[in-house]
Amino acid sequence: MKPIWRKIALDSRELRISTVLRCGQSFRWRENEEGVWSVGYKGRVVLLQQDDKNLHYASLPEDDVDIKDVIDDYFNLKTSLKDLYAVWAEKDAHFKKMTLNQLAGIRILRQDPWETLCSFICSSNNNIKRISQMVENLSIHYGDFIANYNGVDYYDFPSPDKLADKTVEGKLRDLGFGYRAKYIQRTAEVIMSKYGGRKYVEELRQKPYLEAREALLEFTGVGPKVADCVCLMGLDKNEVVPVDTHVWQIAQRDYKVAKKYKALNKAAYEEVRDHFKFLWGDYAGWAHSVLFTADLNLEEQEVKKEEITDPLPAPKPTIGIKRELDEPVLDLPTKIPVKG
DNA sequence: AGAATACCTCAGCA
DNA sequence: ATGCTGAGGTATT
């Protein structure tokens, strides 16, 4: 079964999937050796590959007439990053400086609301690698099988009815979910018994931000940050800036916001969130993801700089025989792979 | 009300 | 090698 590839004309500055699909918004995409990205999503395997001018796509099974619309919707392609960027750069000099007036193709996804909710419940006090592993496990163990492609089995993300059973908590604990096992099971159970299914979460898209947020906060395992992530990345609340520890630091260090607070409490959280909403406007959540990623890249560069300059200082012209006494300076990098 | 503390696991590092 | 730390928080004192 060879998929049929088609393409959408799309400047890579409007969307860069290699960044967007691994920046901590979605957690189930995988990339193969050839740069093809894939995921099981709503009954199909979605395949993507990108070059400068086009987004190439395919799906399995092939009779998937909706795939184009699904991609369009998932990546929010009706919204032009270019126009938004101009607004943010004009309103915020620091933003402009950090992003060097370059469109990096970083944008907010419009993901399935129920999956977004579960994913971000898993994200609390956690790292991207393990979050991905956990969400993948939810699909493999509870989701419907879709297809095998290139030796990989693809599954849908499970509906809440699959996760509502009391036995789920124990199994998720065995799968390494830790205390989040209970959060997932309890949330699924409440969604089913009290609200009748995932549609309840989907309909929060129609409600105003604060209303949707309140509704989400009712679920155990959902606090302010998780609720705001779901609002932004699943419920069309484009103005929301979720305040995690990283954003909290950026706010204080680069924007001098909420300096009077020592810790990120409720008041501090809302002050930071509202500040960025005021500064960047209706798509503040999108701007935040751009700045966040720019900041991460900068940190990586800092690390690389140290790695390069530290271990092997430029050999100074040797004066006399003094160098021989300074051997420790030439310490080899400690990171030589030790296998076996 | 606001501030500590416990909570699961795992990779990275000393 | 073992032990510690922190990771895009939340619930509970």
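Quick note: numbers below take in every heavy atom, side chains included, and nothing from hydrogens, waters or symmetry partners. So you know, we letter chains A, B, ... as the sequences are listed, proteins then strands, and number each from 1. Note that this is a predicted model, so its numbers are computed, not measured.
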Please state whether the phosphate of dC7(B), meaning OP1 or OP2, lies under 4.0 angstrom from any side-chain nitrogen or oxygen of Asn125(A).
-> no
Rounded to the nearest angstrom, tell me the gap between atom CZ in Phe27(A) and atom P in dA7(C).
-> 16 Å
Which donor-acceptor pairs under 3.5 Å do the side chains of residues 77-84 of chain A make with protein atoms, sequence neighbours left out?
unit_1: Ser80(A); atom_1: OG; unit_2: Lys82(A); atom_2: N; d: 3.3
unit_1: Ser80(A); atom_1: OG; unit_2: Asp83(A); atom_2: N; d: 3.4

Specify the residue among Phe219(A) and Val247(A) whose closest nucleotide of DNA chain C lies further upstream toward the 5′ end.
-> Val247(A)
Using a cut-off of strictly less than 4.0 Å, decide whether Thr245(A) has a side-chain nitrogen or oxygen near OP1 or OP2 of dG9(C).
-> yes
Is it true that atom CZ of Arg205(A) has more than 12 heavy atoms of other residues, nucleotides or ligands lying nearer than 6.0 Å?
-> yes
Expressed in angstrom and rounded to an integer, what is the separation of Tyr269(A) atom OH from dA3(B) atom P?
-> 17 Å
Hey, does Val222(A) reach any base, or is it just sugar-phosphate, or nothing, if we go heavy atoms under 4.0 Å?
-> sugar-phosphate
Inspect the contact between Glu169(A) and Arg186(A) and indicate whether a charged nitrogen and a carboxylate oxygen are less than 4.0 angstrom apart.
-> no
If the P atom of dG6(C) is compared with that of dT5(B), how far apart are they to the nearest Å?
-> 15 Å
To the nearest 0.5 Å, what is the distance between NZ (Lys162(A)) and CE (Met192(A))?
-> 10.5 Å
Determine the Euclidean distance between corresponding P atoms of dT5(C) and dA6(B); express it in Å to zero decimal places.
-> 14 Å
Value in whole Å for how far the C1' atom of dG9(C) lies from CZ of Phe120(A) = 13 Å
Sugar-phosphate, base or nothing in reach of Pro224(A), heavy atoms under 4.0 Å | sugar-phosphate
Tyr195(A) side chain to Glu203(A) side chain, donor-acceptor N/O pair below 3.5 angstrom = no
Between dG8(C) and dC7(B) - P atom distance, rounded Å = 22 Å
Are side-chain N/O atoms of Tyr209(A) and Arg213(A) paired as donor and acceptor at under 3.5 Å?
-> yes
With P as the reference atom in both, quote the distance from dC10(B) to dA11(C) in angstrom, rounded to an integer.
-> 23 Å
When all nucleic acid strands are considered with a 4.0 Å heavy-atom cut-off, which category describes Tyr261(A): base, sugar-phosphate, or nothing?
-> nothing
To the side chain of Asn265(A), which of dT9(B), dA3(B), dA11(B) is closest?
-> dA3(B)
Ring-ring centroid check Tyr283(A) Tyr85(A), cutoff 6.0 Å | no
Take the protein atom CD1 of Ile128(A) and the nucleotide atom P of dG6(C), then report the distance between them rounded to whole Å.
-> 19 Å
Neighbour count above 12 (heavy atom, 6.0 Å) for Lys207(A) NZ = no
Taking atom P in both dC8(B) and dT13(C), what distance in whole Å separates the two?
-> 13 Å
Which part of the nucleic acid does Gly221(A) contact within heavy-atom distance under 4.0 Å: base, sugar-phosphate only, or nothing?
-> sugar-phosphate
Using Watson-Crick or G-U wobble geometry with both distances below 3.5 Å, tell me the partner of dC4(C), or none.
-> dG12(B)
Judged by nearest nucleotide, the residue sitting upstream toward the 5' end of DNA chain C, Asp244(A) or Thr220(A), is Asp244(A)
Which whole-number value in Å describes the distance from Met134(A) CE to dC7(B) C1'?
-> 13 Å
Separation of atom CD1 in Ile121(A) from atom C1' in dA7(C), rounded to whole Å = 18 Å
If you pin Ser124(A) and Gln133(A) to their nearest nucleotides in DNA chain B, which one's is more 5'?
-> Ser124(A)
Could you state the CG-P distance from Asn126(A) to dT5(C), rounded to the nearest angstrom?
-> 19 Å
Using a cut-off of strictly less than 4.0 Å between a heavy atom of the residue and any atom of DNA chain B, enumerate the qualifying residues of residues 162-192 of chain A by number.
-> Arg173(A), Gly176(A), Gly178(A), Tyr179(A), Arg180(A)
Is the ring centre of Tyr183(A) less than 6.0 Å from the ring centre of Phe177(A)?
-> no
Roughly how many Å is it from CH2 in Trp248(A) to P in dG9(C), rounded to a whole number?
-> 14 Å
